[in-house]
Amino acid sequence: MGLNAGDLNRRIQIRRFNRTGTGSLGGALGDWQDVGTPLHASRRDISDAERLSAAHWDNVLVTRFVVRSSPFARGIRRTDRIVHEGITF
């Protein structure tokens, strides 16, 4: 399956946690910072679900972003965040 340039109709920003220390309870302190320049990507919502759990509703949306392969894209970590249209994934 090929990837056409026209499919990359979204702009995403990658954010990475920058650890600056450890809190009094042992948790990581830091903030999320933009990494690199925004990338062109395609977005596809894979599935959504609602379920009742512990007397409240949980909503889950699974979204897949696809970008062209590059040295930067291959360095994206599973712990990084994606920001798209003001929403953090």
Side-chain angles (χ1 to χ4, degrees):
M1 177 176 126
L3 184 64
N4 297 320
D7 295 335
L8 304 175
N9 58 0
R10 312 292 179 138
R11 296 287 278 175
I12 62 170
Q13 177 64 55
I14 305 300
R15 287 198 178 152
R16 186 165 290 156
F17 188 74
N18 180 34
R19 186 178 179 148
T20 58
T22 304
S24 60
L25 299 176
L29 296 177
D31 60 346
W32 291 90
Q33 297 181 346
D34 291 350
V35 178
T37 59
L39 300 171
H40 290 281
S42 67
R43 175 184 172 178
R44 182 171 175 211
D45 294 330
I46 303 299
S47 67
D48 60 356
E50 288 184 345
R51 64 184 175 136
L52 182 61
S53 172
H56 79 282
W57 285 98
D58 290 328
N59 296 314
V60 176
L61 174 66
V62 176
T63 302
R64 175 179 295 148
F65 290 94
V66 177
V67 298
R68 284 207 187 273
S69 180
S70 69
F72 175 73
R74 289 189 294 274
I76 296 173
R77 302 174 187 164
R78 58 186 277 162
T79 55
D80 290 343
R81 292 182 176 177
I82 294 174
V83 179
H84 174 252
E85 295 182 348
I87 301 171
T88 301
F89 293 83

Heavy-atom closest pair (Thr37 atom, Gln13 atom, distance to 0.1 Å) is C-OE1, 4.0 Å
CD1 (Ile12) and CG (Leu39) are apart, to the nearest 0.5 Å, by 5.0 Å
Check your understanding: Side chains of Ile14 and Ile82: does their closest heavy-atom pair fall under 4.5 Å?
Key -> yes
Plane angle bin for Phe65 and Phe89 - parallel if under 30°, tilted between 30 and 60°, otherwise perpendicular: perpendicular
ring-ring contact (aromatic ring centres under 6.0 Å, His included) pairs touching residues 20-44, sequence neighbours excluded, are Phe17-Trp32
Heavy-atom neighbours of Arg11 CZ exceed 12 at 6.0 Å: yes
Sorted by chain and number, sequence neighbours left out, side-chain contact (heavy atoms from CB on, under 4.5 Å) with Asp31 holds for Asn18, Gln33
- Query: Does the Ser42 side chain pair with the main chain of Leu8, one donor and one acceptor, at a distance under 3.5 Å?
  - Reply: no
Hey, can you pull the donor-acceptor pairs under 3.5 Å for the side chains in residues 70-81, sequence neighbours left out?
unit_1, atom_1, unit_2, atom_2, d
Ser70, OG, Phe72, N, 3.4
Ser70, OG, Ala73, N, 3.0
Arg74, NH1, Ser69, OG, 2.7
Asp80, OD1, Arg16, NE, 2.9
Asp80, OD2, Arg16, NE, 3.4
Asp80, OD2, Arg16, NH2, 2.7
Asp80, OD2, Arg77, N, 2.9

Just wondering, do Arg15 and Val83 contact through their side chains at under 4.5 Å, heavy atoms?
yes
With sequence neighbours left out, the residues meeting salt bridge (Lys or Arg N to Asp or Glu O under 4.0 Å) with Arg10 are Glu85
The side-chain contact (heavy atoms from CB on, under 4.5 Å) partners of Leu61 (sequence neighbours excluded) come to Arg43, Asp45, Asp48, Thr63
